[in-house]
S.K.: 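Dropping a structure here in structure tokens format, bear with me for questions.
Letters A, B, ... are given to chains in the order of the sequence lines, protein chains preceding strands, and every chain is numbered from 1.
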Amino acid sequence: MPRLILHVDLDAFFAAIEQRDHPEWQGRPVVVGAQPGQRGVVATCSYEARRFGVHSAMSITQAARRLPPETIYVRPRMAHYARVSEQIMAVLAAFSPEIERVSIDEAYLDITGLTALVGPPEVIGARIKTGIRQAVGLTASIGIGPNRLIAKLASDCHKPDGLTVVLEEQVADFLAPMPFSVLRGLGVKTAPRLARLGVKTLGDVRELSLETLRRQCGARAGTQFYYQARGIADDRLYPDRERLSISKETTFPKDVTDPRVLEETLHWAAREVAWTARQTGHLGRVVTLKIRFFPFETHTRSRSRKVPTADERDLYRIAWSLLASEANWIGRPVRLIGLGLSGWSQPTTGQQLDLFETAETGRNPADKGLTETLDAIRHRFGAEAIQRGLHLHHQDN
DNA sequence: TCTGGGGTCCTAGGACCC
DNA sequence: TCTGGGGTCCTAGGACCC
């Protein structure tokens, strides 16, 4: 008995919210992401902007060259989008308790048992779209199929505001003409390897042996592609997945060589990560330092502790010592720095009490009141501002 | 041409233990 | 002196996704 999986994907989510909230921006190109002239990329853009060839992950410099002067550029308001996302998830939850949220604007539903109650898949999909429009005034694209892969590809099929149903007996014809670039897990590195084999469509991928695919793309990915081309994929949902790591990082507007700025930024990252960890009840054993040098050379260094922690002082101390122990890194221009926490383990009784206090009072017991934002650190690029920051920092200690 | 931030997963080598 | 196989943990890098 085949299952029926539904994939919901909000159309140009961030940009659509901004246009909804600013009616005068409707019909104009809207880019959510970095500001032109800054370092950064397009997070999402409206369909009016896509007509100029602009898309997510494109550098903002490149996007700005293509877009007309009347384009609106806005910084993401993530907390706001998260609230809208909650409203949408509530709409979905009213349809089926079997939901897996995969990102801020995407979710899978298992609607296998729903057809007997509501009607055919098309009707279920249409009702969900209506529910979302009534609740938040946004459009979504929906795909329905016998597994996650088909549902996802179907939702991409008729964007925006699409609704596509692919039944099991239609899967082979649905997939065969699609470009092989739709394969999940195939990116800029593996795509050229398949292209070299003369592959253009999923039908072509089907002609390749499992051996060839594994050799060209790696054991894991190759196997995945072999089955994906045949429409064979997971049809289960994985709700309530626990997150495995917490991290905070930032790219500097200009490469940094001043160690005091790196120090301050790691303090900020440690504070943010510690705060999130404590709020979500996580204590980690592994602290990871991430650093990116000019022009774009990225390294990570990690250390495992015996005792798990969510204390910003521990995070900072470890990250800084990982940085300081690399003799070759000293003095090199740094583009990005940050740190992460992972490797959860059960808290001790004392730690449980601290976590409980955080949850109850909303205060971090390790936080002595010096709350800085990323913007505040950015403002410290002037020598004067850096001095002031250090002064505050010393007072704090 | 320039490449954010927050994630997950995979690979591969080495240490260490049985 | 030469040398098994398996399992787990740790670490670093990198591909990919939204």
Side-chain angles (χ1 to χ4, degrees), chain A residues 7-15 31-45 53-66 75-76 78 81-82 85 101-108 148-149 152 155-156 181-193 214 217-225 238 241-253 255 265 269 272-273 276-277 280 282 285-306 322 325-326 335-343 345 374 378:
Chain A
H7 182 249
V8 193
D9 192 345
L10 274 290
D11 302 316
F13 189 51
F14 301 169
V31 173
V32 182
Q35 291 291 309
Q38 283 183 342
R39 278 178 163 173
V41 297
V42 175
T44 319
C45 60
V54 173
H55 54 81
S56 297
M58 178 182 266
S59 90
I60 199 72
T61 312
Q62 200 178 354
R65 270 201 290 268
R66 294 173 180 235
R75 300 284 304 169
M78 293 309 296
Y81 309 152
S85 178
R101 187 178 178 170
V102 288
S103 75
I104 196 166
D105 71 335
E106 267 184 64
Y108 288 98
R148 303 166 66 97
L149 172 74
K152 168 87 179 167
S155 73
D156 278 336
S181 55
V182 303
L183 287 168
R184 313 296 302 157
L186 178 121
V188 288
K189 297 289 173 177
T190 34
R193 297 194 211 162
R214 288 171 66 104
C217 310
R220 188 81 189 195
T223 309
Q224 285 292 318
F225 298 161
Y238 302 88
R241 285 191 49 169
E242 192 194 10
R243 99 157 127 176
L244 301 174
S245 66
I246 297 167
S247 63
K248 205 80 191 176
E249 66 186 47
T250 189
T251 295
F252 297 111
D255 295 341
T265 311
E272 294 284 325
V273 168
T276 305
T280 53
H282 286 102
R285 294 179 48 246
V286 184
V287 178
T288 303
L289 167 78
K290 179 172 173 182
I291 192 163
R292 177 171 290 151
F293 295 109
F294 171 86
F296 205 76
E297 180 190 320
T298 311
H299 297 277
T300 59
R301 291 290 182 272
S302 64
R303 183 175 299 159
S304 295
R305 292 162 47 100
K306 276 249 160 35
L322 286 167
S325 59
E326 296 286 340
R335 181 187 173 97
L336 166 152
I337 199 164
L339 67 83
L341 184 65
S342 58
S345 38
L374 176 56
R378 284 199 170 125

S.K.: Looking only at side-chain N and O atoms, does R65(A) come under 4.0 Å of OP1 or OP2 in dT1(B)?
M.R.: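 R65(A) to dT1(B) OP1/OP2: no side-chain N or O under 4.0 Å.
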
S.K.: Does this structure show an ion pair linking E106(A) with K152(A), if we count only N-O contacts that are shorter than 4.0 Å?
M.R.: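 K152(A) and E106(A): salt-bridged.
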
S.K.: At a heavy-atom distance below 4.0 Å, what parts of residues 31-43 of chain A sit against DNA chain C?
M.R.: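 None - not one residue of the stretch has a heavy atom sitting under 4.0 Å from the strand.
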
S.K.: Is the distance from OP1 or OP2 of dC18(C) to the nearest side-chain N or O of R184(A) less than 4.0 Å?
M.R.: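 Checking dC18(C) against R184(A), a side-chain N or O does come within under 4.0 Å of OP1 or OP2.
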
S.K.: Would you please confirm or rule out a distance under 4.0 Å between OP1 or OP2 of dG4(B) and any side-chain N or O of R335(A)?
M.R.: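 For dG4(B), OP1/OP2 do have a side-chain N/O of R335(A) under 4.0 Å.
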
S.K.: Quickly work out the R292(A) CZ to dT3(B) P distance and round it to whole Å.
M.R.: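 Computing the R292(A):CZ to dT3(B):P distance gives 11 Å.
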
S.K.: Whenever both distances are under 3.5 Å in a Watson-Crick or G-U wobble pair, mark it; put DNA chain C into dot-bracket that way, with [ ] for crossing pairs and | when the partner is on another strand.
M.R.: ....||||||||||||||

S.K.: Assess whether atom CZ of R305(A) is packed by more than 12 heavy atoms of other residues, nucleotides or ligands within 6.0 Å.
M.R.: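 Result for CZ/R305(A): enclosed.
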
S.K.: Enter the distance from R65(A):CZ to I60(A):CD1 here, rounded to the nearest 0.5 Å.
M.R.: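 So the CZ of R65(A) and the CD1 of I60(A) are separated by 11.5 Å.
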
S.K.: Ignoring backbone atoms, test whether S59(A) places a side-chain nitrogen or oxygen under 4.0 Å from the OP1 or OP2 oxygen of dG4(B).
M.R.: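 No.
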
S.K.: In this structure, how many angstroms lie between the C1' atom of dT3(B) and the CD1 atom of I60(A), rounded?
M.R.: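 From I60(A) CD1 to dT3(B) C1': 12 Å.
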
S.K.: Please work out if V286(A) contacts a base, only the sugar-phosphate, or nothing of the nucleic acid, heavy-atom cut-off 4.0 Å.
M.R.: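 Result for V286(A) = nothing.
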
S.K.: Side chains of E242(A) and H282(A): is there a donor and an acceptor less than 3.5 Å apart?
M.R.: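 Side-chain D/A pair, E242(A) to H282(A): present.
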
S.K.: Measure from the side chain of R301(A), starting at C-beta and using heavy atoms only, and say which of dG5(B), dG6(B), dG13(C) lies closest.
M.R.: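 Side chain of R301(A) sits closest to dG13(C).
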
S.K.: Could you check how far NE2 of H7(A) sits from P of dC17(C), rounded to whole Å?
M.R.: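 Rounded to whole Å, this separation is 13 Å.
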
S.K.: Ion pair present between D255(A) and R39(A), side-chain N to carboxylate O less than 4.0 angstrom?
M.R.: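 Counted as a salt bridge, because a side-chain N and a carboxylate O are separated by less than 4.0 Å.
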
S.K.: Can you tell me how far P of dT11(C) sits from CD1 of I291(A), to the nearest Å?
M.R.: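 About 18 Å, once rounded to whole Å.
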
S.K.: Within less than 4.0 Å of OP1 or OP2 of dC18(C), is there a side-chain N or O belonging to K152(A)?
M.R.: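 It does, given that an N or O in the side chain of K152(A) lies less than 4.0 Å from OP1 or OP2 of dC18(C).
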
S.K.: Which nucleotide in the list dG6(B), dC2(B), dC16(C) gets nearest to the side chain of S247(A)?
M.R.: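 Among dG6(B), dC2(B), dC16(C), the one nearest the side chain of S247(A) is dG6(B).
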
S.K.: OG1/T288(A) to CG/L339(A) distance, rounded to the nearest 0.5 angstrom?
M.R.: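 So the gap between those two atoms works out to 8.5 Å.
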
S.K.: Select base, sugar-phosphate, or nothing to describe what R241(A) touches, counting heavy atoms under 4.0 Å on all strands.
M.R.: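 Answer is sugar-phosphate: R241(A) comes under 4.0 Å of backbone atoms only.
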
S.K.: If you measure only the distance, is there a donor-acceptor pair under 3.5 Å linking the side chains of R335(A) and T251(A)?
M.R.: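 R335(A) vs T251(A): no donor-acceptor pair found between side chains.
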
S.K.: Please pick, from dC2(B), dG5(B), dG4(B), the nucleotide with the shortest atom-to-atom distance to any side-chain atom of E249(A).
M.R.: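 Taking heavy atoms from C-beta onward, the closest nucleotide is dG5(B).
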
S.K.: Does any donor atom in the side chain of R214(A) or Q224(A) lie under 3.5 Å from an acceptor atom in the other side chain?
M.R.: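 There is no such pair (donor and acceptor under 3.5 Å, judged by atom type) between the side chains of R214(A) and Q224(A).
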
S.K.: Check whether any side-chain nitrogen or oxygen of T251(A) sits under 4.0 Å from OP1 or OP2 of dT3(B), and answer yes or no.
M.R.: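 The answer is no; no side-chain N or O of T251(A) sits under 4.0 Å from OP1 or OP2.
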
S.K.: Is any side-chain nitrogen or oxygen of S304(A) closer than 4.0 Å to OP1 or OP2 of dC9(C)?
M.R.: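 No, because none of the side-chain N or O atoms of S304(A) sits under 4.0 Å from OP1 or OP2 of dC9(C).
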
S.K.: Base, sugar-phosphate alone, or nothing: which one does T190(A) contact when heavy atoms must sit under 4.0 Å apart?
M.R.: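 Sugar-phosphate contact only.
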
S.K.: Using whole Å, report how far CZ of R285(A) lies from P of dT11(C).
M.R.: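 Value for this atom pair: 9 Å.
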
S.K.: Between S342(A) and R285(A), do the side chains contain an N or O donor and an N or O acceptor separated by less than 3.5 Å?
M.R.: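 No.
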
S.K.: For atom P, what is the distance between dC18(C) and dT3(B), given to the nearest Å?
M.R.: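 dC18(C) and dT3(B) have their P atoms separated by 22 Å.
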
S.K.: Starting at CG of D156(A) and ending at P of dC18(C), how long is that distance when rounded to a whole Å?
M.R.: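 Rounding to the nearest Å, CG of D156(A) and P of dC18(C) are 8 Å apart.
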
S.K.: Does dA12(C) have OP1 or OP2 under 4.0 Å away from a side-chain N or O of H299(A)?
M.R.: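 So the side chain of H299(A) is outside the cut-off, no N or O lying under 4.0 Å from OP1 or OP2 of dA12(C).
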
S.K.: Quick one: pull up CZ in F14(A) and OG1 in T44(A) and give me the separation to the nearest 0.5 Å.
M.R.: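 Rounded to the nearest 0.5 Å, the CZ-OG1 separation comes out at 5.0 Å.
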
S.K.: Name the orientation of the base relative to the sugar in dC2(C): syn if the glycosidic angle is within 90° of 0, else anti.
M.R.: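 Classified anti.
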
S.K.: Does a nitrogen or oxygen in the side chain of S302(A) sit under 4.0 Å from OP1 or OP2 of dA12(C)?
M.R.: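 Answer yes for this pair, as a side-chain N or O of S302(A) is under 4.0 Å from OP1 or OP2.
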
S.K.: Are F296(A) and dC2(B) stacked, counting the six-membered base ring, centres under 5.5 Å, planes under 30°?
M.R.: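 Per 5.5 Å and 30° rule: no stacking.
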
S.K.: Could you state the CZ-C1' distance from R148(A) to dT8(B), rounded to the nearest angstrom?
M.R.: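 Computing the R148(A):CZ to dT8(B):C1' distance gives 13 Å.
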
S.K.: Reckon K248(A) has a side-chain N or O less than 4.0 Å from the OP1 or OP2 of dG6(B)?
M.R.: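 Affirmative; the distance criterion is met.
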
S.K.: Using whole Å, report how far CD1 of I246(A) lies from C1' of dT8(B).
M.R.: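 After rounding, the gap between these two atoms is 15 Å.
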
S.K.: Measuring to OP1 and OP2 of dG4(B), would you say a side-chain N or O of T250(A) lies under 4.0 angstrom away?
M.R.: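 No.
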
S.K.: To check you understand the geometry: which heavy-atom pair defines the closest contact between A64(A) and P36(A), and what is its length?
M.R.: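 Scanning both residues, the minimum pair turns out to be CB-CB, 4.1 Å.
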
S.K.: Inspect the contact between R301(A) and E326(A) and indicate whether a charged nitrogen and a carboxylate oxygen are less than 4.0 angstrom apart.
M.R.: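 The answer is yes: the pair qualifies as a salt bridge.
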
S.K.: P295(A) or K290(A): which one's nearest nucleotide on DNA chain B is closer to the 5' end?
M.R.: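 The answer here is P295(A).
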
S.K.: Work out how far the P atom of dC17(C) is from that of dC2(B), and round it to whole angstrom.
M.R.: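 To the nearest whole Å, 25 Å.
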
